[in-house]
Number of protein chains: 2
Amino acid sequence: METASRPGLRERKKQRTRDALVRAALELFTANGYERTTVDEIVEAVDVSQRTFFRYFAGKEEAAFAVQTTVEAHFLEAVRRRPPHEAPSQALRQAVLANWDTIGETIESVVPIELHLRTFRLIESTPALLAVHLRRQEGLEEQLAQTIAEREGVDVDADPRPRVVVALFGGVMRLAGRAWGAGEDFSVAAMRELTTSYLDQMGPALATDWRTRDGEGSGRDGGHGRSGGDGRGDTE
Amino acid sequence: METASRPGLRERKKQRTRDALVRAALELFTANGYERTTVDEIVEAVDVSQRTFFRYFAGKEEAAFAVQTTVEAHFLEAVRRRPPHEAPSQALRQAVLANWDTIGETIESVVPIELHLRTFRLIESTPALLAVHLRRQEGLEEQLAQTIAEREGVDVDADPRPRVVVALFGGVMRLAGRAWGAGEDFSVAAMRELTTSYLDQMGPALATDWRTRDGEGSGRDGGHGRSGGDGRGDTE
DNA sequence: GAGGTTAGTGACAGCCGCTGACACTTGACA
DNA sequence: TGTCAAGTGTCAGCGGCTGTCACTAACCTC
C-alpha cells in the first residue's frame, strides 16, 4: 500500500514479474496456439510457480488481453479529450483515427508491437479468445456510452441514443478490425483507411435502395466490382 | 406403419437422451447458476454417464445454447423468406418482428418457453455465457450478411455494405435484447416495442446535433420504451 | 430369426485450468 | 535489528474435458 508517487522495490519487482508473464504468455500463445499452451509452460519460462500466475491473472485468458486493456483505456481517454462541440459520431470517429498515431508507443512500453499484432490475429482466430474479446468490447462500449451521454448532457438510461450510436460505431469498428487482421497490410495507414472506409459505408448500407446511387460513389455491379476505398484483401 | 421418413428406434432414443440433457441442464443452470452446476449433476439427473454428455455436447456451454441455436435458425430462415423488393434494412426489421409471432411454438417444442426466458437472462448475466453468446451472434451475422448479399446480388467480399448493414442491425438488436432481459416485462409485445424503439433510434443517434431535431426523417425522442407507431407494420 | 456389423454407452485413467490452505521468504519501516 | 505484511512456493483437490477399451443394443443380411 504505497503512495502512488514512487514505485518502491517490491512494486517494481511485481511489475517485472507481471510483464515477464505477459510476454512469455503472448510469445507462447502466438507461437504454439492458445489452447495448446499450458500455464505450466508459461510459468516455467518465467520460473515462477503456477500459483503465482493465477495471483496475477484471473485466468489464462486475462494474460492474453493484458495489452488490449491498455489500448482500450487509451482509446477511451482519447474520446474524453475530444472537443465538446463535436457530434457524438464525429467524436468517436476522430478519436479512433487520432488514436492510431499515438497507440504505438503505448503498446511498445509493454511488449514489442509486432507481438501485439500477432496476438490480435490470434484472438480473432481463436474462438475462445474471440468470445472474450467481444464481451470485453461490450464492456468498453458501455463506458463509451456513459462518456457520450455525459458530453451531451443526457441520461444514459433514459435516452437510448448514447448506447445506440456507440453500438453502431462498435459494430462497424469490429468489421474494420476483422478486415485488418484478415488482410496482409498491418500498417497503421491500412487500419486508418479501413476505418474511414467502413465508417463511410454506414449511410449507404442503410439506404433504401442499393441499386441506385444514393449513397455509394462507385455504384455496384453484379460481379467483382472493386468499390471505392475498400482495400480489402483475400477471404482466406 | 413405418414410413421411410421415420427416424428409427436408435435415432429416437438419441434424440430423447439429448432433449433430456438439455432440459436438465437448463433447469439446473437457471436454478443454481451456470458455474455452480457441475456436469456430474446434469448427467445424474438424466442417469447417463459423464462421457455420454460430452458425446452430445462439445462442452457445458453448448448445452446452454441448444435452444438459442434453434431460434437463430428460425430467424435466419425468416430473413430468407422476406420479399426481395424490400430494402436490406427493412427485410431485417420485418423479419425480426414477424419472427416474434411464431418463435413461441418453435421453442416450446424443445423446452417450456418460460425456461427459455430464464435461460436468456442467465446468459446475459453470466460473463462466460455472455461471451459465447456474442461470438455466436457474430457467426449469425456473417450468415445474415451472406443472405443479404445474395438478395441484392452483390459480392459479400467486394462490397462492404452487406456486413455493415448487418453489423448495425445486430448491434442495435443486442441493445434491445439487453433492455428486454433487464426489464420486467418479458412478453413478446414488450420485445416488439423495444425492437422498433431501438431501430428507430439509429437515425437520430447518428444525427450531427442531438440538441436540434434534424435526425434522419424522425424527430428525436427523449425516452425509450415509447410505444405506438413503428409506422411500417406490414408483417406479411 | 441367427449372426455379423456398427452405433452408442459406461467405466476408467489422466491432463489441464483453477482454488484453498499453510508455511516460508523478503522488502518495508520503525 | 526486529517486526510486520506482502508475495511466493508447495501441496492437495475439484471440475471440465478427452482417449481408450470393452460391452450392449439396434440395425442389416441371409
Short N/O separations, protein against nucleotides 27-30 of chain D, under 3.5 angstrom:
{"residue": "dC27(D)", "atom": "OP1", "partner": "L9(B)", "partner atom": "N", "Å": "2.8"}
{"residue": "dC27(D)", "atom": "OP1", "partner": "R10(B)", "partner atom": "N", "Å": "2.8"}

TODO: State which residues pass ring-ring contact (aromatic ring centres under 6.0 Å, His included) with F75(A); sequence neighbours excluded, sorted by chain then number.
DONE: none
Task: Results of salt bridge (charged side-chain N to carboxylate O under 4.0 Å, His left out) for R178(A) - residues two or more places apart only - done: E142(B)
- [ ] Could I get the full list of salt bridge (charged side-chain N to carboxylate O under 4.0 Å, His left out) partners for E61(B), not counting sequence neighbours?
- [x] none
Task: Residue list, ring-ring contact (aromatic ring centres under 6.0 Å, His included) with F65(A), at least two apart or on another chain - done: none
Open item on the list: I'd like to know if R51(A) reaches the base of dG7(D) with its side chain such that a donor and an acceptor end up less than 3.5 angstrom apart.
Closed with: no
- [ ] Could you list by number each residue of residues 57-65 of chain B showing a heavy-atom separation from DNA chain D of less than 4.0 Å, or answer none if no residue does?
- [x] A58(B), G59(B), K60(B)
TODO: Taking salt bridge (charged side-chain N to carboxylate O under 4.0 Å, His left out) as the test, write out the residues that go with K13(A), two or more places apart.
DONE: none
TODO: Output the residues of residues 23-38 of chain A in contact with DNA chain C, where contact means a heavy atom of the residue under 4.0 Å from an atom of the strand; sort by number or write none.
DONE: T37(A), T38(A)
- [ ] Please list, chain by chain and in numerical order, all residues satisfying side-chain contact (heavy atoms from CB on, under 4.5 Å) with R10(A), sequence neighbours excluded.
- [x] none
TODO: Give me the residues of residues 126-137 of chain A where at least one heavy atom lies under 4.0 Å from an atom of DNA chain D, by number, or none.
DONE: none
- [ ] Scan for ring-ring contact (aromatic ring centres under 6.0 Å, His included) pairs involving residues 12-36 of chain B, sequence neighbours excluded, and state none if there are none.
- [x] F29(B)-Y34(B)
- [ ] May I ask you to decide whether R161(B) forms a salt bridge with E152(B), counting only side-chain N to carboxylate O separations under 4.0 Å?
- [x] no
TODO: Tell me, please, which residues at least two apart from F54(A) pass ring-ring contact (aromatic ring centres under 6.0 Å, His included).
DONE: none
